[in-house]
Amino acid sequence: MTIPAPLAAVLADIGARFPELADDPVLAQSLVDNVTSMIADAHERYASGDGAGSVVSDRYLDPAHLATGALHAEHAQHPAGAMLAAEMLFDAYLPVFVDEVGARSADEVLRATRALHAGVWSRFPAGAIAYTEALRQRVTSTNLDSREQIARDLHDRVAHGVLAGLQRLDLVLLTDPDDAERTAQLESAGRLLRGALTDVQDLALSLHARVGEDRLDDALRRHVDDLFPGDDRLVITTTGVAGVLPNWKAEEALTILLEALTNRRKHAPGSTATVEFAWSPATVVATVRDDGPGFTPGAVSEGRLGQRTMRERAGVLGARLDVESAPGSGTTVRLTVPRGAL
């Protein structure tokens, strides 16, 4: 499809302002298709005389526009970005559109302006609703996944430890009080029950994790001291000018990072680990690395490692989560969080 030069120039400006659109082939094509459709719709409105009214938000929710909104939500593109792109389109293309339709009188220019406005803005009610619905589904899915993970931890870790400890105690009760194995069995039971208690305490601390008034990196340091006391193999560093994230973003990011560190203790105990915070004006990148045994991505259940919940939470944030690992090469979890309020 050949794009007229004036429209191509506007698309190039939008792509420069939003490189994440230009760099993603699916989103880039969606942008071209939508902008082309908007202009065609504006021409139809002007030709039919429908440009007299430009209030369109309460008219309809076109399924195609809902699909576009869902696509952008899947790629964590907030509707505010689409609104800014629409403003850029309207501002830059209005003189071109007025010339294209041959508007000369003040009434014709006003009708052309309204037709272009309606052609552009008719997309946004559906897009915003689709984004909101996708976000609601992500939040619901994340909460359900978190509950499943807690239930799994209680069953597989806590209940198993308590049961094993009680079985050891039952064995002790059946042995001769003078049997030399009695003390060893009691000590083993104590270790199992203390381990189960530690698991319960860890779960409780994780559920109550809060950033509060702290920066994200300081909040993580505080919770690490509670969850992993005396762990001198874990180091947290910060580079760049640290700042404060919107609270809801910081809380979700903290939950993701604590899950990554808990996974390290479960699956790479005794490994050396670092958490590196790299702050920039646009993002904060938190990278969790360990030199543990690693794993083959895809060969290990994402549910077992909590990755699915972590990815869902990252999606709610509009953040990017990358997990890199290989047998014998440790594991790296990288969370990139945009610092904006949206």
Side-chain angles (χ1 to χ4, degrees), residues 1-136 318 340-342:
M1 178 180 63
T2 301
I3 302 174
L7 186 54
V10 176
L11 288 169
D13 288 342
I14 293 174
R17 175 64 178 78
F18 299 97
E20 64 272 19
L21 296 180
D23 294 343
D24 188 308
V26 175
L27 290 178
Q29 186 59 51
S30 176
L31 173 64
V32 172
D33 293 344
N34 275 285
V35 168
T36 304
S37 176
M38 290 175 187
I39 300 303
D41 186 20
H43 276 283
E44 291 177 5
R45 288 174 182 275
Y46 183 84
S48 67
D50 194 30
S54 60
V55 178
V56 296
S57 293
D58 61 347
R59 291 190 184 182
Y60 57 85
L61 295 177
D62 189 294
H65 302 162
L66 287 168
T68 299
L71 171 66
H72 283 256
E74 289 174 6
H75 289 74
Q77 297 296 315
H78 195 281
M83 291 172 67
L84 179 56
E87 289 179 334
M88 294 173 64
L89 171 64
F90 182 82
D91 183 64
Y93 205 75
L94 179 58
V96 178
F97 183 74
V98 168
D99 185 61
E100 285 178 346
V101 299
R104 296 292 179 266
S105 67
D107 286 344
E108 289 175 337
V109 171
L110 177 60
R111 185 157 63 93
T113 302
R114 285 177 165 170
L116 181 61
H117 176 275
V120 172
W121 284 94
S122 62
R123 269 67 178 167
F124 288 96
I129 287 173
Y131 182 89
T132 301
E133 176 62 17
L135 194 65
R136 186 191 67 79
L342 297 174

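Side-chain N or O atoms of S37 include none that pairs as donor or acceptor with a backbone N or O of D33 at under 3.5 Å.
Taking 4.5 Å as the limit, some side-chain heavy atom of I39 sits within range of a side-chain heavy atom of L116.
In terms of heavy-atom proximity, A103 sits nearest to V109 at CB-N, 3.8 Å. When every heavy atom of A92 is checked against every heavy atom of P95, the shortest pair comes out as O-CD, 3.6 Å. Contact record, L89 with M38: CD2-SD, 3.7 Å, taken as the closest heavy-atom pair.
The structure places CG of D41 at 12.5 Å from OG1 of T36, a figure rounded to the nearest 0.5 Å.
E87 meets the side-chain contact (heavy atoms from CB on, under 4.5 Å) test with L84, W121; sequence neighbours excluded. For the ring pair (Phe, Tyr, Trp, His ring centres under 6.0 Å) test, no residue two or more places apart in sequence or in another chain qualifies with F90.
For the side chain to side chain donor-acceptor pair (under 3.5 Å) condition, the pairs that include at least one residue of residues 89-99, sequence neighbours left out, are Y93-E100.
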